[in-house]
Every structure is written in C-alpha cells, then in structure tokens.
Amino acid sequence: MCGIVGVLGTHQVAPIILDALRRLEYRGYDSAGIATVNEGLLDRRRTLGKLVNLSDLLVHEPLPGRAGIGHTRWATHGAPSVSNAHPHRNGRVAVVHNGIIENFRALRAEMAAAGLIHESETDTETVAVLVRHNMDQGMTPVEAARTTLARLEGAFALAFLFEGENDLMIGARKGSPLVIGHGEGEMFLGSDALALAPLTERITYLEEGDWAVITRAGAEIFDAQGRRANRALARVRLDQAAVDKGGHRHFMAKEIAEQPAVLGAALNFHLSEDKSALALPEEVDFATCDRLTLVACGTGFYAAQLAKYWFEQLAGLPCETDIASEYRYRQPVLTRQNMAVFISQSGETADTLAALRHVQGQVARSIGVINVPSSSIARETDVALPILAGPEISVASTKAFTAQLLVLFLMALKAGQDRGRLSTEQLAEHLQMLQTLPGLMRAALDREEEIATLAHELAGVEHALFMGRGPMYPLALEAALKLKEISYIHAEGYASGELKHGPIALIDEAMPVFVLAPRDELFAKTVSNMQEVLARHGQVVLFSDRTGLAEAGAVPHSLAMPEVPPLLAPFVYAVPVQLLAYHAALARGTDVDQPRNLAKSVTVE
Ligand code: G6P
C-alpha cells in the first residue's frame with residue numbers, strides 16, 4: 001500500500017500535496033509526511049496516524065516551498081512511528097516510497113560499513129542513504145538516483161527531491177504504480193491518476209522499470225535499460241479515473257481496498273441525514289409480507305444465503321434462497337403475500353433476469369439489489385435498490401459482495417421494523433453499530449501483509465477447505481468461490497458441523513482448512529469442529545479475534561482479526577478471504593482480474 005505524490009508547482013505545494021494524499025489515504029494511514037524545497041533548503045513534516053494529524057501540524061508549522069513530495073504510509077518495514085514515516089531524508093535527498101526494497105538489509109549493511117547511519121527501521125531509508133552516498137562521491141542528483149535505482153530489488157514506486165534543486169523531481173516505478181501528471185507550468189507525480197484528478201487530466205502512466213527526470217518544463221522518461229522512452233499522454237477525466245486501477249496492480253486489489261469507502265457512501269445514501277433512520281423507498285415495506293425469496297447467481301447467491309440469517313433473526317421473516325438457474329426451471333410456489341429479491345451486480349445476468357420475469361405478477365413486489373442502475377434487472381424490478389459500489393471491473397466480485405450485504409442488512413432491519421420485531425431504540429442501536437463498519441473494514445485491510453504470507457504458503461496446494469457456522473457458513477462458500485475462480489485451487493466451503501458427515505475424509509496433513517470463527521455465541525461449537533480437524537492433522541488456519549484465538553488454544557496458523565459486533569462479522573471477515581484468494585492468485589501467477597473461462601456479466605444461461 002502507501003500513496004505517494006510529488007508536485008513541482010507555481011504556488012505553495014504543501015496544501016496541494018495534502019489534498020492529493022487524501023485521495024490516496026485508502027492506501028494507508030499509519031503515518032503521513034511531506035517534504036519541500038524552499039529557497040533551496042529541504043525541510044519536512046511527518047506525523048503518526050491519519051492525514052488529519054499532518055494537516056493539523058502544518059497549520060502550526062507550515063511548510064513553504066513550490067516543490068514537494070508527500071506520502072501516506074501503510075507500514076511494512078518498521079512499526080508506525082514518526083521516525084519510520086516518509087519522506088526519508090539523508091543529506092541533500094528526500095524520498096517517498098511505495099512497495100518493498102527486498103535487498104535493503106544487504107544494502108543497509110554495506111552503507112553501515114561505509115559509516116553511514118540509518119535513523120529508521122524502514123527499507124526506504126536505505127534508498128536515501130544510497131543516493132546520499134552516491135552524491136557524496138560527486139555524482140549529480142540524477143546520476144545518484146539512477147545509480148541507486150540500478151541496485152534496488154523488489155517492488156517500488158519512488159519519488160526523490162533534492163536540496164538545492166527547486167525544479168527537479170525524480171520518479172521511478174518497478175512493481176508499484178506511478179503516474180506523471182502534466183499541468184500548465186507544473187508537473188505532478190502520483191500513485192494513481194485519481195490522486196491527481198483535480199490537478200490535471202493529462203496523465204502519463206509509467207511502465208515497469210521506467211524512471212523519469214521531471215522539471216516544470218516536462219518529463220524525460222527512461223526505460224529499465226536507460227533508453228529514452230516515449231510514453232503516451234492519456235486524458236483521464238474524473239469519471240474515467242473511477243474505472244482505472246487507481247494505482248493498484250489489479251482491479252481486484254483496488255476493489256477490495258475500496259470497500260470501507262463504498263460501504264460508508266452506501267450507508268450515507270440509504271440512511272437519513274442524521275443517520276438515525278433508514279431511508280429506503282416506501283415500496284420496500286414488509287408489513288404484510290409472509291415470505292421472502294432471494295434469487296441470484298454466483299457471489300450474489302452467497303450474499304442471499306447470508307442475508308437469510310438476518311431476515312430470520314432481525315425480522316422473523318420466513319426466507320428462502322435460490323440459485324437463479326435452478327429457480328427458473330422449478331415450479332416455485334408463490335403467493336401475493338410473498339416478496340422476491342433479485343441480487344445482481346451487473347443487473348444483466350440472464351438466469352436472474354429470467355427468474356425475475358418468472359415471478360412478475362405472482363408476488364406482491366419484486367426488489368432488485370443492483371450495482372448498475374441502468375441495467376435490465378434494475379429497470380424490470382418493481383423497486384431497485386442501488387448498492388453504489390461503483391464500477392466493479394475485476395471478474396471476481398469483492399466490493400459488490402459487501403455492498404450487497406449492506407443493502408440486504410438494511411432491508412432486514414426495515415423488515416424488523418415493519419413487522420414490529422425491532423423497536424425504534426433497537427433500530428437506532430443497529431444503525432449506530434453500522435457507522436463503525438468502514439473503520440472495521442479498514443482494520444481488516446490492515447492485515448494484508450499477514451494474509452499475503454498465508455496465501456504464499458497456500459499457493460502450492462491443490463485443495464483447500466473453508467468452514468464456518470451461522471453467517472460464516474455462506475461466507476465460507478464465498479471464500480471457496482473466490483479462491484477457486486482466481487487461483488484455480490480447488491476449494492470447498494462447509495458448515496462446520498457438516499464436516500464430519502463426509503468431507504472430514506479429505507483431511508490429512510496436506511489439507512489447509514480455513515476456520516472462519518469470530519468469538520460469537522457459536523464459537524465453542526466451531527472450535528470443537530476445528531479440534532476434529534486438528535486431531536486428523538489438518539493444517540488449520542484460524543481466522544478469529546484476539547479473544548477467540550486465546551480461547552481456541554494452539555493451532556498451526558492463525559490470523560488475528562479485529563474484534564467485531566457479531567452482526568458485522570461477515571462484512572469484516574469477507575476482507576481476508578478476498579485478500580487470501582487475491583494473494584494466492586498472485587503467487588500462482590494467474591490472471592487475477594480476468595480468470596480463465598469466466599466473464600463478468602453472464603448474459604447466457
Ligand atoms: C459471474 C461473475 C460473478 C458474479 C455472477 C453473477 O459469474 O463472475 O462474480 O457473482 O456472474 O453476476 P451478477 O452480475 O448477476 O451479480
């Protein structure tokens with residue numbers, strides 16, 4: 001993660017950089033910092049935690065200068081602290097970095113032997129130290145940066161700024177994204193086009209191994225072999241920026257990372273202004289509904305299965321779920337007191353559309369839970385509720401899944417209210433709890449590095465099992481689907497209690513078994529089922545919160561999740577299962593965004 005920005009401006013750049021960092025804050029907020037060159041002198045401000053802290057500091061300690069770089073950090077090497085915060089400075093150079101310098105230990109030792117001291121625990125500082133060392137040997141800033149870049153291994157996007165150089169910035173990318181923005185007498189660097197969106201629409205995407213010498217007059221770009229490279233200038237309008245990779249390697253990574261923001265925005269939309277009441281359309285009325293049918297395909301179907309628990313628990317509403325391709329060919333028994341819900345990201349899935357057409361006229365009301373508002377299912381349902389996930393480009397659905405869950409959860413609350421199962425106070429409590437959701441999702445995203453490590457170990461296997469109880473059971477199904485569809489590892493999801501009725505025969509010391517078990521009222525039961533797996537030497541990976549992990553006893557692998565209210569656990573635990581699939585796919589080198597044999601919108605049955 002981490003977001004980086006650079007500006008060679010015509011005005012004070014610190015406020016501009018701060019604003020651009022805000023658009024990158026989804027990439028990390030362990031610390032933030034800005035460095036500028038003012039009248040030839042390099043200076044910096046760094047703070048721990050979110051950008052707001054940096055913004056506050058800048059009020060009291062402004063940072064003048066028309067050239068600057070900035071960073072918002074998601075800590076990898078070195079704990080979140082001011083001394084580990086970027087920009088890192090050594091001598092006359094400051095650097096911001098996104099990615100990991102894999103050979104930094106060797107480089108650090110070499111620099112230490114040359115008598116150069118490091119102040120932080122980061123891999124990034126080594127880059128600054130190397131550049132400084134090169135400059136001490138008499139190299140120009142450009143030569144020093146180029147020579148340093150040639151020595152770096154790993155994945156990185158870097159931006160350099162130099163004391164004494166008011167009109168120079170160097171950017172480099174290998175593995176991590178970096179774009180150049182072209183203004184009028186100004187130049188910009190950013191982790192993605194979105195970061196620069198209000199500053200310029202004219203963007204150059206650097207390619208793997210590119211590095212660029214940037215002045216206010218323009219950018220000279222060089223490829224990995226040091227040859228001058230011509231990279232196209234693209235016009236990226238804000239709406240277009242919403243459908244680029246946003247600085248991520250894959251759309252899937254971007255869409256997983258977007259979930260806190262998506263859910264926050266969807267909550268704003270579907271709740272009253274003061275957040276104390278639901279603001280669903282009046283047709284979403286369950287007062288006389290005696291049975292709800294939820295129909296969908298793929299990931300939407302697992303969202304439906306999960307929502308069934310909520311409609312039953314919160315509203316006491318009989319609820320059934322069906323796969324659209326099955327539903328349309330059965331003879332489902334429907335009455336005018338029934339309501340039917342059709343869940344579809346694209347709103348175009350042929351089987352779901354056919355199922356909708358099948359029930360029209362037979363039920364009291366059809367409701368769409370849809371991402372694309374202009375789609376067929378949105379148009380043909382009696383009322384369509386937008387999930388507002390924004391464009392989802394990756395074939396494997398991630399943010400649409402949790403956004404579907406959110407809208408279904410709100411519907412379940414509405415059903416509880418309409419059916420007299422939830423008092424106004426209880427509803428208000430639930431809505432208040434929902435306000436914590438974006439923060440909890442962010443906390444889950446913060447586990448990415450650990451999940452990537454787990455996924456690396458998983459990458460060599462051909463089979464995996466997921467298990468969970470209650471709402472964690474449909475999530476286990478979704479987890480298995482994610483892993484299958486993008487990494488091609490065969491995976492199955494099971495209800496924890498069901499494992500002993502057959503699948504336990506698959507357990508041996510080579511079988512990874514992911515146990516999705518927040519510390520809720522079903523926890524002890526799930527742990528018993530987990531013990532049955534451990535007794536047969538299964539490779540258990542327990543996803544639970546600290547309390548759960550402490551109570552569960554020894555397991556081969558675990559992932560410490562944030563403590564979450566039980567009703568919110570499916571949202572929060574969706575994040576690590578998505579990331580697990582993503583990193584397993586990366587490790588196996590599969591086509592993450594466009595897995596083989598699949599399509600995003602399935603318009604054939
Ligand atoms: C395809 C996609 C899945 C999606 C399913 C249903 O199979 O790959 O990610 O869940 O279609 O799509 P829908 O647009 O109806 O949600």
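Indexing begins at 1, ligand by ligand and atom by atom, following the structure's order. The analysis underlying the following values was restricted to heavy atoms, covering all of them including side chains, and did not include hydrogens, waters or symmetry mates.
Taking any N or O of Ser346, backbone or side chain, at least one lies under 3.5 Å from an N or O belonging to ligand 1. The shortest N or O to N or O distance between Glu485 and ligand 1 is not under 3.5 Å. For ligand 1, one of its N or O atoms has an N or O atom of Thr349 under 3.5 Å away.
Partner Ser397 forms a side-chain hydrogen bond (donor to acceptor under 3.5 Å, both in side chains) with one of Glu485, Glu392, Glu255, Gln345 and no other, that one being Glu392.
The closest side-chain donor-acceptor pair between Asn338 and Thr335 falls under 3.5 angstrom. In summary, the side chains of His250 and Tyr582 do present a donor paired with an acceptor at a separation below 3.5 Å, with no hydrogens or angles considered.
Under a 4.0 Å criterion applied to the non-hydrogen atoms of Ser344, ligand 1 contributes the atoms 13 (P), 14 (O), 15 (O), 16 (O). Heavy-atom contacts of Ser397 reach the following atoms of ligand 1: 9 (O) (cutoff under 4.0 Å). Under a 4.0 Å criterion applied to the non-hydrogen atoms of Thr299, ligand 1 contributes the atoms 10 (O).
Atom CD of Gln432 has 12 or fewer neighbouring heavy atoms from other residues, nucleotides or ligands inside a 6.0 Å radius.
The list of side-chain hydrogen bond (donor to acceptor under 3.5 Å, both in side chains) pairs with a residue in residues 492-503, not counting sequence neighbours, reads His490-Glu492.
Here the shortest heavy-atom distance to atom 9 (O) of ligand 1, taken over Val369, Ile377, Val395, belongs to Val395.
Of the possible polar contacts, one joining the Asp285 side chain to the Ala287 backbone as a donor-acceptor pair under 3.5 Å is found.
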